[in-house]
Structure formats: C-alpha cells, structure tokens
Amino acid sequence: MAAPAIFLAVLLVVLPGMLYVWAGLPSTSNLSTARLPLSTRIYDRTGTVLLAEIHQGSERRHVVPLSQVARSMQQATIAVEDRTFYQHGGLNLLRTGQAGLDDLIHLRFNQGGSTITQQLVKNIYLSGNRTVLRKLDEAILAIEIEHQYSKAQILEAYLNRIYYGNQAYGVEAAAQTYFGEQASQLSLSEAALLAGLPQAPTALDPFSNLSGARARQRIVLDAMVKAGEITRARARSASAQQLTLRKPSTADDVRAPGFVHWVAAQLEKTYGPELLKNGGLTVVTSLDWNLQSIAQRQVREKVMALQRQHVTDGALVALDPNTGGVLAMVGSAGPDVPGGEYNMAIVPRQPGSAFKIFTYSAAIESGSFTMGSWINDSPVQVRLADGSTYTPRNYDGSYHGWQPIPFALGNSLNIPAVKVEMGTGIDRVIDVARRMGVQALTQPSSAYQPSLTLGGYEVPLIDMAAGASTLAAQGTYRRPQAILQVVAHDGSTLYRYAADKGKPGLTPQVSFIMADMLSSDRNRSLEFGRNSDLVIPGHHVAAKTGTTNDFRDNLTIGFTPNLAVAVWVGNADHTPMRNVSGIVGAAPIFHGFMTQVLSGQPDSWYAVPDGLHAVTMNGYTAYLLPGTEQVAQSQQAPTCDEDCNGSGGQGHGRHKKHG
C-alpha cells in the first residue's frame, strides 16, 4: 500500500520545477490578494459599530493580518485541517498517497488528503474540475507556494479565503456573522465551532443546525487535544460553554441606510466603483450611533403617529457645528414607507418659513434692520419684473400690525418677512444663504422671486442643517462631512480628516443676535403659545419651523452651541398632508430628539460677543451692531392706539399652531 504513495511522492518532488514551466501554470505572486474580492466596511465614529458592508454580489469578506486572528482559531484550524502543516513542504505525502491510491482503485477523486496549502491553491488558482491533471497542477503549485511564502503567510491567506457559510468568506467575516465580534476576540469554544464549518458550511450552519455544528466542534476540540494544543479538561470546558449566536442577517443589512448610501456615493466618486465594492476599504465615519438610534426611533414613531393625517415619511440631519461632522442622518421613516428608498435628507424640498433664518441674518448683517426695529404686518403688494404683483399672506390669514423684528421672526409672520427681504435685497439674502451653506440656489439672484423668504425654492434638508450649524458655530460655515478615515486593505491610510477651520459665513455678532431671537419662547408665543415643542426644558435652544402653503413639506430646524438639527416631515411623492404644519409634524421629532440627546448635559449658551450694543427697547433687550442705533430708532412703531401694534409687542393674541 505504501509503494504507490512513494511513487507519487517521487513524481511530485523530483519533477515540480520542470512541470511548473511545462504546464504554464499561473503565477503565485500576490498570494494575499490574488483573485480576492474584499468587502468595504463602513463604521461609526468609534470604529467599532459596523454600519454596513459593501461588496460585489453576496460575498462578505474582510482581510485581517494573522496577528488579528485569535491564537485558538489558528490552532483549531491547523489541528482539524492539516495537523502536519508546519512539517510538510506543501504536501502530506502519506495522506496524499493513500488518498490517491483509493481514488485510482475507484477511478475517481473523492478522498481528502489535501493540505492547507493545497486547499489554498484550489481556492485561488484552479478550477473545481476533479481530474488527474488538475490534481497534479494543485500539487505543483502547492510546492511552489511553499518555496515563496512563509507558513504564517500561507495560513493568513487561507484564513482570509475559506468559506464559513452564510456568505461569510474569511475568518473575520465569519466571526462577525456568527458572533458579532472580531476574529481576534474569539474564545476557544467559538474558534472550534468556526474551524469545523468549512467541511460542510451549509449542512453545519449553526443557525439552522446547531447540534450538527456542536458535534463538529467536539471533533475539532478532540483534534486540538491530540495535537497537544489544549488539555482534555479545556476541551471539555469549551465544549460545554454556552454560545451566543448573533441573530441571522442578510448581506444587505445596513444600520443607517440613508447615511451609508450617501457615504458610499462619495467613496465611489473618489475611488471608483471597483475599489469601493472589491477593494476591502475600512471607512470610519462621523456618525454617532447613539444619536442615530435616537433619531431613527423619533422619526419612525412620530411619523407613524401622523398616518391618519396622510404623513408617510420624515427625515433628520444632526451636525456637529464645531467640525461639520454628520452625527446623525435619517433618510426616511423606514424601508416600508412609501418612498422609503429615497434619502429625503438630501433630496431638495421647499423649506417653508425655516428659510427666514437667512433673510433675517442678511437683514441684520446689512444694517437695513436691527433687533430693535419694528415692522408693520399689514397688506402689501410687490411688483415683479414682469409687471405682475405678488401679494404675500400670513398663515393665519390675519394682520397683526406693528411687530418688533424678534416677534415677527419668532411668530413666523410672512408679510413682515417679505418686507424685510425687499428692504434688504434678494441678492443679499441669496449671498448670505450661500455663505451659510445653502448650495442648491445656483441661479443668478435675478432669477429668484420674493417668495424666496417663505421657502418657495427647493433646498435639501442637509443644507438647512448647515445653515443652522453656521449660526451655532457663531458664523463659521463648515461643510457637512461624513468621512473621518479611509484605510486600504493593506493597512495604508488613503484619507484622514483634517480639522476644518471653516469659512466665515457671518460675524459672531450677527450670529448671536439670530441665536438670541430664535431661542426666546416669548418671541413666538403669539402664534405658537408658550412651552411648545420648540422648547427643551432646562436648555437654551434656538428653533424655527417651516411649512409650505399646501402642506406638502414642513420643517423644524434648531441648534445649541454643540449641535445643529434639521427635521423634515411630508410625503416623498409630494402629495399634501392634511393640515400638518411644522409645529405639529416636524417639531415633535425635533423635541423628542433634542430632549433625549441633551438629557443629563449642562445647559450651554453663548456669551455676548464684543462689539454689540445692548439697549432696552419696548420691554426687551435688543442687541445692536455698531452704527445701527439710528436705524433702530428710525424703525420704531408709531405712537397710536392698541390696534396699531396688534398687541404683538406684549406677546398676547390668539394661539395659532403653524409653521
């Protein structure tokens, strides 16, 4: 019986060099990555929460160095697959000869006997045909690989390629798939279970056949005992250990789909689709998983609560004003809602009165109006360039007489906003909006009508969040960014985020005035009443709502010094909601999110920046830019009876819920 084995051994040892050249076999260079599609992994800001894997087809694969594979996993694999791995030169001559003799007798190739090196050769270089010539090719290439690479390199390549079932290729993907942990964290019991799977990945699937997988695990542990790697007592302990399997998942599971797809589009633009899907990139993003989880729950719950009013979708963006980092991005209320496949955080929609933050910022910056100015909420017609007239109306259909600028802004009165816009200049409003982060307004200023200030032009939610973030950062605009680091499969760093100093959008003085006006509950009490969902108990928070006239879109945006948030509610297909305004639709999401995120944190607000002149006017403190005192004095309400100011200056009047 030994003679055929010796004969085959002579053939494979004496003739490999000649046969290698004669057969025209493939090159064995680049062992670690040859023909290896690698998944790109996208993580949260900590680098520990896996948000998604992007790959070609259904394979999940991530290459790790041998040093990041638990020692017990290495030992278990060698013990059960190739006990003499460190002694042979690519072939186990006795095993191969015995298997070969049996195959010759039965005129087929069914017997095992392949070493880890041979299995690696089959995986990388050869087809699945079971013929005598292919078996010979396998042996020749195995010897060639052993000549070129160390045992550590061969074992590393093998562990990164072998199939463990459930679309998990390689030990790192297997550890994540079955146990939700890294390969370096595997226990002896977990390692023994995984090492047994490649023999029959489908039949031994732990999710559907745990008893079969555990039986195979015991075989692996017994092999480790025979190899002298562990004691019999350790094997019994590992076999008895309770294993906690991760819930079965699909290859398409994504934890923050809107955000992940947005990030993937940026990666594809920079590195190309091939590297994205097959390059094995490791991407660390700016996403805060805790904030993302809160945001997803709030959007989902609040949208579902408004279904009877024909509300089917919602979105939220949260930014770090100090870096521009996207902390949370919810693109929809879920994959099961109409239009759930769209990322509404980046789709342009009309922002309604939320756009007024740009109008009033421009007005204050230009000196055309001040925080101490008054504006008359009375009928107005604006003549347009084509000779037609534009007649704005307030949400409640009423006129409120003379109002202080903070009250006109806080109560979201449309007629005063148009008057402020026209007194400032649409071109100035456009310029300020662009400086604050609105990138969607690309037409010449002359193309925009007075309805601009009422949100008549579509702007993505993320641009609105950027505008709020600019105010939160005391006038510094930082482009929303999501990627902190990109690492290639070989460990080299392709990209690392550098701190963004930002660009000046507004001065700190103008930003402070806007923040002060937007954070006062008194300023909005005429229309929203006191203690609405724009108020976050125990915290200074600036906020502004927005609602389109036909109820197709509504928003709430707001900020603290360390967080800027924008929320949208509506329907992806543009169908109108039923009487759902910003304070009813988006504000509850904003309130729920901010309340949870700020819980337990100390209140934080801005100190009055140098250069502002504080004056008491009509019962409230107004902050004036240098040189604007005369403007404020010239824009006071005329002395007249109570109807002249509509009682707005005292915060009285009807309680209206609108945006």
Side-chain angles (χ1 to χ4, degrees), residues 60 64 66 68-88 92 94-96 98-99 102 110-120 122-123 151 154-156 158-249:
R60 287 196 295 269
V64 292
L66 193 61
Q68 293 181 21
V69 178
R71 181 64 180 162
S72 58
M73 184 66 198
Q74 300 177 40
Q75 294 169 337
T77 300
I78 292 171
V80 75
E81 294 291 343
D82 188 0
R83 183 175 171 182
T84 62
F85 174 68
Y86 287 110
Q87 285 76 50
H88 64 65
N92 184 323
L94 183 58
R95 287 180 62 194
T96 301
Q98 291 173 337
D102 188 89
N110 281 337
Q111 293 296 309
S114 294
T115 64
I116 282 178
T117 312
Q118 288 175 279
Q119 293 181 54
L120 185 60
K122 286 188 290 185
N123 189 290
K151 289 290 187 179
I154 294 170
L155 181 60
E156 177 182 298
Y158 176 82
L159 288 170
N160 279 315
R161 287 179 176 274
I162 200 70
Y163 181 53
Y164 291 89
N166 285 288
Q167 287 75 53
Y169 288 79
V171 64
E172 180 74 1
Q176 287 282 352
T177 297
Y178 294 109
F179 301 113
E181 59 189 21
Q182 297 174 337
S184 61
Q185 301 171 317
L186 291 169
S187 67
L188 172 59
S189 180
E190 293 168 339
L193 185 88
L194 292 186
L197 297 182
Q199 183 194 56
T202 303
L204 298 175
D205 182 355
F207 294 134
S208 59
N209 183 17
L210 183 58
S211 61
R214 293 302 294 255
R216 176 66 175 166
Q217 177 198 45
R218 289 190 289 273
I219 294 174
V220 174
L221 290 168
D222 185 60
M224 294 180 74
V225 172
K226 292 177 180 178
E229 299 292 0
I230 59 174
T231 64
R232 181 65 65 184
R234 280 198 71 194
R236 285 195 297 267
S237 176
S239 179
Q241 181 181 331
Q242 185 71 31
L243 293 177
T244 303
L245 292 174
R246 181 184 179 185
K247 182 180 179 181
S249 60

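Nothing here was measured: the structure is a model prediction, and the numbers come from that model.
- A distance-only check finds a donor-acceptor pair linking the side chain of Thr77 to the backbone of Met73 [under 3.5 Å].
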List the steps and the verdict of side chain to side chain contact (heavy atoms under 4.5 Å, CB included) for Glu81 and Ile162. CA-CA 12 Å; Glu81 294 291 343; Ile162 200 70; over 6 Å; no
Just do the salt bridge (Lys or Arg N to Asp or Glu O under 4.0 Å) check on Lys226 and Asp222 with the steps written out, would you? CA-CA 6 Å; Lys226 292 177 180 178; Asp222 185 60; 3.3 Å; yes
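- Remark: Arg234 CZ to Ser239 OG distance equals 13.5 Å, nearest 0.5 Å.
- Not a single donor-acceptor pair under 3.5 Å links the side chain of Arg83 to the backbone N or O of Met224.
- Panel note: side chain Gln199, backbone Gly196; no donor-acceptor pair is recorded below 3.5 Å.
- Note that the CD atom of Glu229 and the CZ atom of Arg71 stand 6.5 Å from one another [nearest 0.5 Å].
- Between Lys151 atom NZ and Tyr86 atom OH the span is 8.5 Å, to the nearest 0.5 Å.
- Asp82 contributes atom CG, which lies 7.5 Å from atom CD of Gln119 (distance to the nearest 0.5 angstrom).
- Remark: the Asn160 side chain and the Tyr169 side chain contain no N/O donor-acceptor pair separated by less than 3.5 Å.
- Checked against a 6.0 Å centroid threshold, the rings of Phe207 and Tyr178 count as neighbours.
- No donor-acceptor pair under 3.5 Å is formed between the side chain of Asn209 and the backbone N or O of Leu204.
- Distance alone, capped at 3.5 Å, is enough to place a donor-acceptor pair between the Gln185 side chain and the Gln182 backbone.
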